[in-house]
Amino acid sequence: MTSLFALVDCNNFFVSCERVFDPGLEGRPVVVLSNNDGCVIARSNEAKALGLKMGQPAFEVQDLIQRHQVQVFSSNYELYGDMSARVVETLSQFSPNLEVYSIDESFLDLGNLYKTDLQAYAKEIKATVKQWLGMPVAVGVAPTKTLAKIANRLSKKSAKAEGALVLTDKRHIEEALKRTEAGDVWGIGRRYARKLQGFGVHTAWDLRNVSDSFARKHLTVVGLRTVRELRGEPCIDLELMLQVKKNICTSRSFGQAITDLEEVGEALTTHVVRCATKLRKQKSRAGAMTVFCMTSRFAAEGEVYSNCRTVYFDTPTDSEPELIRHALKALREIYRPGFRYRKTGLLLLDLVPASSVQLSILDTVDREKHGRLMETLDNLRERFGHSSVKYAAQGTEERWKLRQESLSPRYTTRLEDLIRAR
DNA sequence: TCTGGGGTCCTAGGACCC
DNA sequence: TCTGGGGTCCTAGGACCC
């Protein structure tokens with residue numbers, strides 16, 4: 001074997017972030033809710049044991065939460081994002097080649113470390129992150145990313161592995177695949193799992209043994225790669241560079257239903273600002289924008305409405321005044337009075353590098369002036385916070401604001417939220 | 001009453017061209 | 001009467017991920 005990957009993922013990441021700063025939560029059931037305190041999106045092991053499910057609506061589990069005194073938190077992405085960056089920094093000690101796969105997972109290229117004691121190395125990674133940051137992680141090591149995912153998963157289930165499992169031995173891999181359901185393989189979702197069931201493919205081992213043509217036919221080329229990875233053939237490379245996004249989306253549900261066009265527009269304007277900020281951060285400009293607004297999907301029949309409108313720009317842009325103007329115009333076109341809106345947002349599409357924008361002779365915008373304005377705003381917001389400078393169109397009442405009833409302090413990024421010791 | 005948000009990739013099929 | 005064949009581009013929809 002020539003390749004070797006480690007997948008390091010943080011256990012119950014959002015819950016663990018809360019616990020780092022409030023050790024009293026150790027050993028107790030804890031959950032973190034999605035934006036707007038809508039669904040359960042992270043659970044401590046104790047909360048899992050109570051039967052709280054991932055993605056379950058919070059109101060459905062109110063009783064359970066009260067009865068067992070489950071500690072509840074609103075999402076605190078400022079805290080989680082910062083903790084995530086610290087974990088990545090710590091992990092980069094262990095390999096020069098690292099892919100940040102998600103907020104709580106990284107792949108490490110262990111390239112030619114076959115000669116080292118991998119088990120000891122995996123344990124050392126785990127111990128270091130725990131010691132430096134108080135963050136519990138699990139480590140899976142294997143010759144492909146897909147197998148590393150499986151190793152990681154099993155490391156949490158096996159008492160013997162204690163959160164660090166190496167899968168390089170052929171017989172160990174076979175055993176691991178036989179103990180893993182096909183639907184738990186990375187890249188096999190609910191739909192494919194059900195389809196595979198119909199063909200008698202139940203375990204990861206069954207999936208490993210299907211023919212290439214079967215995989216290609218029923219799971220597309222993506223699934224074929226997965227099957228090959230299960231056999232130990234690396235097909236999915238490490239992505240070292242932060243990928244430039246091809247689309248950028250910003251949307252939020254409202255804390256309460258909104259009926260007024262003006263107010264929906266205020267929320268949308270705020271989303272445009274956030275989205276355009278992300279756009280400029282990766283030095284892109286957008287050639288098009290889709291604006292949408294909708295009621296709750298769960299509203300009664302006749303009260304459900306959802307629509308979108310796409311606008312194409314003559315010249316790709318990153319200018320907020322321009323984007324806001326187009327967004328509000330599109331919103332006016334799709335807004336229908338009489339509905340109780342729950343959500344609005346936008347996608348920026350057809351992104352191109354800012355450096356390669358072709359100027360149009362029909363252009364009526366003073367791009368240089370807008371550019372200087374955007375730079376100034378970015379600097380101000382960076383320094384004084386995101387809402388330090390606002391457009392009049394964003395309004396001041398913010399009745400649409402998220403519900404966040406149980407937000408913890410931003411311990412690591414706000415001076416006023418620093419933890420106090422006596 | 002209350003149900004998250006942000007992405008990627010692939011394929012099939014239609015439009016269009018010569 | 002007999003109504004081609006091959007290629008590209010675009011989009012909507014479906015699948016997946018965290």
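Protein chains get the first letters and strands the later ones, always in sequence-line order, with residue 1 at the start of each.
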Whether A:Arg414 and A:Glu78 form a salt bridge (side-chain N of Lys/Arg under 4.0 Å from carboxylate O of Asp/Glu) is what I want to check.
yes
Would you indicate whether the side-chain heavy atoms of A:Tyr341 and A:Cys293 approach each other to under 4.5 Å?
yes
Would you kindly compare A:Lys278 and A:Arg225 by the position of their nearest DNA chain B nucleotide and give the one closer to the 5′ end?
A:Lys278
B:dT11 C1' sits how many Å from A:Leu219 CG, rounded?
14 Å
Carboxylate-amine/guanidinium contact A:Asp318 A:Arg280, below 4.0 Å
no
Ranking B:dG7, B:dC9, B:dG4 by distance to the side chain of A:Cys249, first place goes to B:dG7
Taking only Lys NZ, Arg NE, NH1 and NH2, and the carboxylate oxygens of Asp or Glu, determine whether A:Glu398 and A:Lys390 approach each other closer than 4.0 Å.
yes
Sugar-phosphate or base contact per nucleotide [nucleotides 13-18 of chain C; S, B, -; heavy atom under 4.0 Å]
--SSSS
Could you say whether A:Lys246 or A:Arg340 is positioned toward the 5' end of DNA chain B, judged by the nucleotide with the nearest heavy atom to each?
A:Arg340
To the nearest angstrom, how far is A:Phe254 atom CZ from B:dG5 atom P?
10 Å
Between B:dC17 and C:dG4, how far apart are the C1' atoms? Round to whole Å, please.
14 Å
Distance below 4.0 Å between A:Arg252 side-chain N/O and B:dG6 OP1 or OP2
yes
Just so I know, are the side chains of A:Met289 and A:His326 near enough to count as touching, which here means a heavy-atom distance under 4.5 Å?
yes
With a 4.0 Å cut-off, would you call A:Asp237 and A:Lys145 a salt bridge?
no
Can A:Met135 and A:Phe13 be said to form a side chain to side chain contact (heavy atoms under 4.5 Å, CB included), step by step?
CA-CA 8 Å; A:Met135 177 63 60; A:Phe13 180 56; 3.7 Å; yes
Under 4.0 Å, counting only non-hydrogen atoms across every strand here, what does A:Asn35 touch: a base, just sugar-phosphate, or nothing?
sugar-phosphate
Quickly work out the A:Arg216 CZ to B:dA12 P distance and round it to whole Å.
8 Å
Whole angstrom is fine here: how far is it from CD in A:Gln256 over to C1' in B:dT1?
12 Å
Among B:dC10, B:dG5, B:dC2, which nucleotide has an atom closest to any side-chain atom of A:Ser251?
B:dG5
Do you know which of A:Val141, A:Val137, A:Asp104 makes side chain to side chain contact (heavy atoms under 4.5 Å, CB included) with A:Val8?
A:Val137
Roughly, in whole Å, what's the span from CG in A:Leu346 to C1' in B:dG7?
15 Å
Once you apply a heavy-atom cut-off of 4.0 Å, does A:Ile248 come out as touching a base, just sugar-phosphate, or nothing?
sugar-phosphate
Let me know the distance between CG of A:Leu349 and P of B:dG6, rounded to the nearest Å.
14 Å
Between NZ of A:Lys217 and P of B:dA12 the distance, given in whole Å, is 12 Å
Grab the stems for DNA chain B, please: at least three consecutive Watson-Crick or wobble pairs, both distances below 3.5 Å, written as range with range.
B:5-18 with C:5-18
Let's see if you can work this out: which of B:dG4, B:dT11, B:dC9 has an atom nearest to the side-chain heavy atoms of A:Thr220?
B:dT11
Considering only B:dT8, B:dG4, B:dG6, which nucleotide approaches the side chain of A:Asn247 most closely?
B:dT8
Classify the nucleic acid contact of A:Thr250 as base, sugar-phosphate or nothing, counting any heavy atom under 4.0 Å across all strands shown.
sugar-phosphate
Between A:Gln394 and A:Thr269, does any side-chain donor sit less than 3.5 Å from a side-chain acceptor?
no
Is the distance between the ring centroids of A:Tyr305 and A:Tyr335 less than 6.0 Å?
no
Would you mind reading off the distance between A:Leu351 atom CG and B:dG7 atom C1', rounded to a whole angstrom?
12 Å
